[in-house]
Amino acid sequence: MAGLEAMVPYSGIGFLLNPTSLRAFSASFHLFLLLLLFVSWVCKKIKMGALENCKRTGFLYCKQTFVCCLGLSVFNLALFFLNYFYWYKNGWSDEKLVTLSDLVLRTFAWAALCVYLQIPFHGSVEPKFPFSLRVWWGFYFSISCYCLVIDIVKQHQSQPIQFLVPDAVYVITGLFLCYSGLWRKNQGEESILRESLLNGSASISTRVASNKSKGEETVTPFSNAGVFSLLTFSWMGPLIALGNKKTLDLEDVPQLDAVNSVVGGFPIFRSKLEGDGGGSSGVTTLKLVKAMIFSAWAEILLSALFALLYTLASYVGPYLIDTFVQYLNGQRQFKNQGYFLVSAFLVAKLVECLSMRHWFFRLQQVGIRMRAVLVTKIYNKVLAVSYHSKQCHTSGEIINFISVDAERIGDFGWYMHDPWMVTLQVALALLILYKNLGLASIVAFFATLIIMLANVPLAKFQEKFQDKLMESKDKRMKSTSEILRNMRILKLQGWEMKFLSKIIDLRKNETGWLKKYVYTLAMTTFVFWVGQIFVSVVTFGTAMLTGIPLESGKILSSLATFRILQEPIYNLPDTISMIAQTKVSLDRIASFLRLDDLQPDVVEKLPKGTSRTAIEIVNGNFSWDLSSPHPTLKDINLQVHHDMRVAVCGAVGSGKSSLLSCILGEVPKMSGTLKLSGTKAYVAQSPWIQSGKIEENILFGKEMDRERYERVLDACSLKKDLEILPFGDQTVIGERGINLSGGQKQRIQIARALYQDADIYLFDDPFSAVDAHTGTHLFKECLLGLLDSKTVVYVTHQVEFLPAADLILVMKEGRITQAGKYNDMLNYGSDFVELLGAHKKALSALESIEAEKSSIMSENSVDTGSTSEVVPKEENRNGQSGNIEGMDGPKAQLVQEEEREKGKVGFSVYWKYITTAYGGALVPFISLSQILFQLLQIGSNYWMAWATSLSEDVKPAVGGSTLILVYVALAIGSSLCVLSRAMLVVTAGYRTATILFNKMHLSIFRAPMSFFDATPSGRILNRASTDQSAVDMDIPMQIGKCAFSFIQLLGIIAVMSQVAWQVFIVFVPMIATCIWYQRYYISSARELARLVGVCKAPVIQHFSESISGSATIRSFDQESRFRDTNMKFIDGYTRPKFNSAAAMEWLCFRLDVLSSITFAFSLVFLISIPEGAIDPGIAGLAVTYGLNLNMLQAWVVWDLCNMENKIISVERMLQYTSIPSEPPLVMEGNRPACSWPSHGEVDIRDLQVRYAPHLPLVLRGLTCNFPGGMKTGIVGRTGSGKSTLIQTLFRIVEPTAGEIMIDGTNISLIGLHDLRSRLSIIPQDPTMFEGTVRSNLDPLEEYSDEQIWEALDKCQLGDEVRKKEGNLDSAVTENGENWSMGQRQLVCLGRVLLKKSKVLVLDEATASVDTATDNLIQQTLRQHFVDSTVITIAHRITSVLDSDMVLLLDHG
């Protein structure tokens, strides 16, 4: 290189290599820029007069360019002063004067450009910079590159370092300016400009502002951010700034762009999955994985590139440490070597931090996207899966697929590249070790392998325990969701504590596996901390034995390498366990996606008007279970013409509902044909209502046609109900229609069907849940009125609705035994006559009562002027009432937005969490273990640095064997500390999780019914699954990690400042800046994390509603609308999650840069001090620790923020540990006698009841007496207070005033269990729980098998149960779905027969059974409850015919 100029033949090229000539050229080049700007400005001024009225605007993308130019101007000014004072002392030369004039001209040129960019010119709507300026920038970049190359070439000659650094800065800024000027475009803002040119009037700035008014309208800035903004995450700035000013809400969070939204991502995923032969039956785990990878391949590749960069950059530091220590020891290879080393360290650090942040962010992006497409795929499957397949998975399990499994697969993104990175990191580490320690590196390699292999059995155990843990969690969640659905029944029966103990038992099984899992995790942690120590001891020992010299520089370089190697080894168990967990989750999801869908060919759909018949079945055999030898429906032949009314009747369990399901295409076909012509609508037997507004339930996705809507409301007699509800048809219905009575739910369901204006209507006994008067009204107005010209098939048990049918089908044991018109059937239909016979008595009595009834009704209507009223059944703490009864209270909906805490997570939450287990006694021991570990680690490294020689010719301080023995002793001590720390953390975490679980569940089970009415079960389930999972597994580790990384950070600061205390000059402001950044960021991050929690509930809620209503959704052909809604909810959940991930990287990037600068400063200090002022070995140790500084500092902040995000789960669980509870279950001082009540006399005195303090009275001063042993019927219109009276009798609602006495005992003064266990009720909705027949009849296990059989025989179910294999232990599926509605009602009758109470309540108990079963129930009750008080709430006159008294309620 020295002879480079000598070899150049022409002096012209010699000029090109001469630095003085280059500086002179640069000065004239910048002078040209000054003239160019001046001329441009004058031209603009002249033009301005002509364009006075045009808009004013600057250039687009001006801001970043302005900052860059201003920075260059200040930088050149600073260089000018530094050089001036330096040369002022050392004398001048031509070269120096040229350099100074170049710097002056640069300063002025860039300052002038700043001014030019800030001047707003009239009419300047050109979005790009002037052409001449962009050309100049291009030349500037080229010249800067050329100068830098010359600097590097002449580095070893006379060229001083101070030219190299400025030229590097000029190249970077030149690159940015070229990018800004030549390539940077933004369609969004350019289109705004184009539009404003066309429209002329609208101001650009207001358009931009209005376009970004709310996050709801704006798309995330990520989608169109520039390179600089993307690299530094500056695009997150506006959202974080907003979060710092106000509490963020969902509408502040921008929408996702098409790439990250599930709407854009799912079609790609689906086409990849289906294109790979993964139709519904062919989905394998491998195909699922391939489809996910192909749908996000670009991000995966990009993140792999960043991971590679990060790995390479992270090894630069350890590689250079030996050189650095030798440099401090006086071995300098060339001039300015120190500065070169510092630059290399700094650049490597910056590349490492940039690539790490982008690697992490892209991985999270991939994870979020995968989770979204999986949830969408599972949801779509739920809407298509057949009934039989669905029986294999309960709703709780299916919900776990989306809340746990898909979530875990999303989290796997983090670990995606770890397997190949481990290999690369180990290879690089071995190369550095080989450079330092020669052949001892081979031993290091084998030691690393041993450590990795030691992990295999642990990982196997972990996978097994994880599998079992998930299974037991599924069982618990299944039970929990069933119990929450049926909480009212449990309260009425006084069974809730029994069912709580069932949940606790399931949890005990789960915690057994959890315990094994977390202790295996603790052992894994121990193995890997010991791993690093083991590898270093073995390597140094081998070097010692083979006579390889151990110098402190080489040892420190090796220690730094071991430290980096520790990370892949440390993460390997996590990665292996995560791969195992993810595989389990993928297998579970793939097996669900493989389930059979509904047969698409069951129904042959004919276009409307092409066929004379609406429904035609020829030789149809259908079976719910195709493997069963007995079909559900046999030899069905049916032809229904357009506009026909068909009634279906038959005994309980004869296959009536199955016939309707078969017409809908829900029942698999064994043989025969089924044709349908026209659209269909369906009304199910048990109403399925979505949570949401009443209006939305009725419209069900159709456009509002006000006239039709009003007609439908009239036909379903809903007008009166809506007037009474506080918000009319805008009232939000609770989950499963919880704040509506049974009749209202049924009528809303009928209204939904009527509004659809379909061709074929299928009604599954919808009139049973409403009173007789409303039933008749509905039949006349709907079936005979609005649907007069439609095809209607209706199942009914009410004989009075049969004569209107054009065709009556009688079903028996799955066959149509008779079909014909009413009068024909009377003459020859034996089965039909049998059905009627049961009704004969009722009919004759009915006629005599009819006249009396109508006179009562007419009197009533004169008195009150109303036909029906709704009881606002729910209490709501936030106030729900309109101006009823002149009460002017604030209105509020029953189901409120989910409450979320605002602002900082209180210290009390952390304190409660830490002190839950053993009063916090383990915390000091955990901290002590970690501090000791840190001290021993630093001590062992310090020992190695101090005790070894700096070079071969210096004698070491101690002998070789002493060196290794002390090191081994310190290593063993630190290993023991790690073991105790790991064990203590999991013990405390496990104990805390158990205590919180028990507290929360006890609080929920003791909550009053009003809490369940106002709280969708999704919210409770979310806490019992997702939040509980976090408390079980994540939070103990997270809090531990946080404390440990903080202690490690303190250790590093101590080591660095001990070598050079001057580092504190930078440390203190840097730490202050970091804390300020963290404070600035945390308010946004915290609210984003809370929004993630709150936005997850609607996804689960909508999911669980769709599972239970899938048949209804399909029957209305509304699958596509529900899929879209699901995607909307998923994107609503993904938005805060995506921004939360980006916000975290925004912060970490800034902190990384700060700590890299601090590290560079401490290095500059070390090379500046005179040789020999400091021990090079100890200085090298400080550098070894400093390399980890930015990593650890990022981890501290990351762990802090992550902990705050995770601890929200504890906060949410603690919310539910303090729910106001019901009165005590048992009052020890006031327990009734064992025989109470002996007579069963119920005396009600001046009873007043309201559901909440601000709501009107529902019962207004009711006084009456039910004598013991008498049968009393309670009748009255919907909403007259019948159900409220019963709820007050069971103290589901407490009386406001007055009292109820049973046998002289005031029920308000005894415990709830003493009261509820002595009364019996057959509720309106027959409920069965998953389990066995025995557990359904006798959950408290109080009766013998003989007594249970006797009860079954009395209620006519004995033979049915004997037929089943397993008898009393035969299985009952979720919700008792393998039993018909009527059979379930008979099971409820069996329960009361077992209990033999003196007071029995029938709450519209026979609504869903046919007349024969109704008679059977009445007869059984008459026979076995002769001397009991029976209180019957009735819709059918027949139910109260043989009552001794009838109580008519009206308006309470």
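The figures here come from the full heavy-atom set of this structure, side chains too, leaving out hydrogens, waters and symmetry mates.
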Residue pair S1029, K473: steps toward the side chain to side chain donor-acceptor pair (under 3.5 Å) verdict: CA-CA 9 Å; S1029 262; K473 186 186 229 74; 3.1 Å; yes
Minimum heavy-atom distance between M1227 and I1310, given as atom pair plus value: CG-C, 4.0 Å
Side chain to side chain donor-acceptor pair (under 3.5 Å) contacts touching residues 1297-1312 (sequence neighbours left out): W1236-T1305, R1245-E1299, E1299-N1306
Residues in ring pair (Phe, Tyr, Trp, His ring centres under 6.0 Å) contact with F499, at least two apart in sequence or another chain: F1329
CZ-CD distance between R1212 and Q1028, expressed to the nearest 0.5 angstrom: 12.5 Å
Test ring pair (Phe, Tyr, Trp, His ring centres under 6.0 Å) applied to H1001 - qualifying residues, sequence neighbours left out: F997
Spatial distance of atom OG (S479) from atom CZ (R507) [nearest 0.5 Å]: 14.0 Å
Side-chain donor/acceptor of T1429 to backbone N/O of G1240, under 3.5 Å: yes
Contact summary for T1327 and R1391, nearest pair of heavy atoms: O-NH2, 2.9 Å
By salt bridge (charged side-chain N to carboxylate O under 4.0 Å, His left out) - contacts of K491 (at least two apart): E496, E1222
Any M497 side-chain heavy atom under 4.5 Å of R1006 side chain: yes
Pair listing, ring pair (Phe, Tyr, Trp, His ring centres under 6.0 Å) test, anchored in residues 1280-1320, at least two apart: none
For R1318, salt bridge (charged side-chain N to carboxylate O under 4.0 Å, His left out) partners two or more places apart: none
Heavy-atom closest contact (M1445 atom, N1265 atom, distance): CE-O, 3.6 Å
Polar side-chain atom of R488 near backbone of F1012 as donor-acceptor pair, under 3.5 Å: no
Minimum-distance pair of heavy atoms, taken over all atoms of L1312 and P1223: CD1-O, 3.4 Å
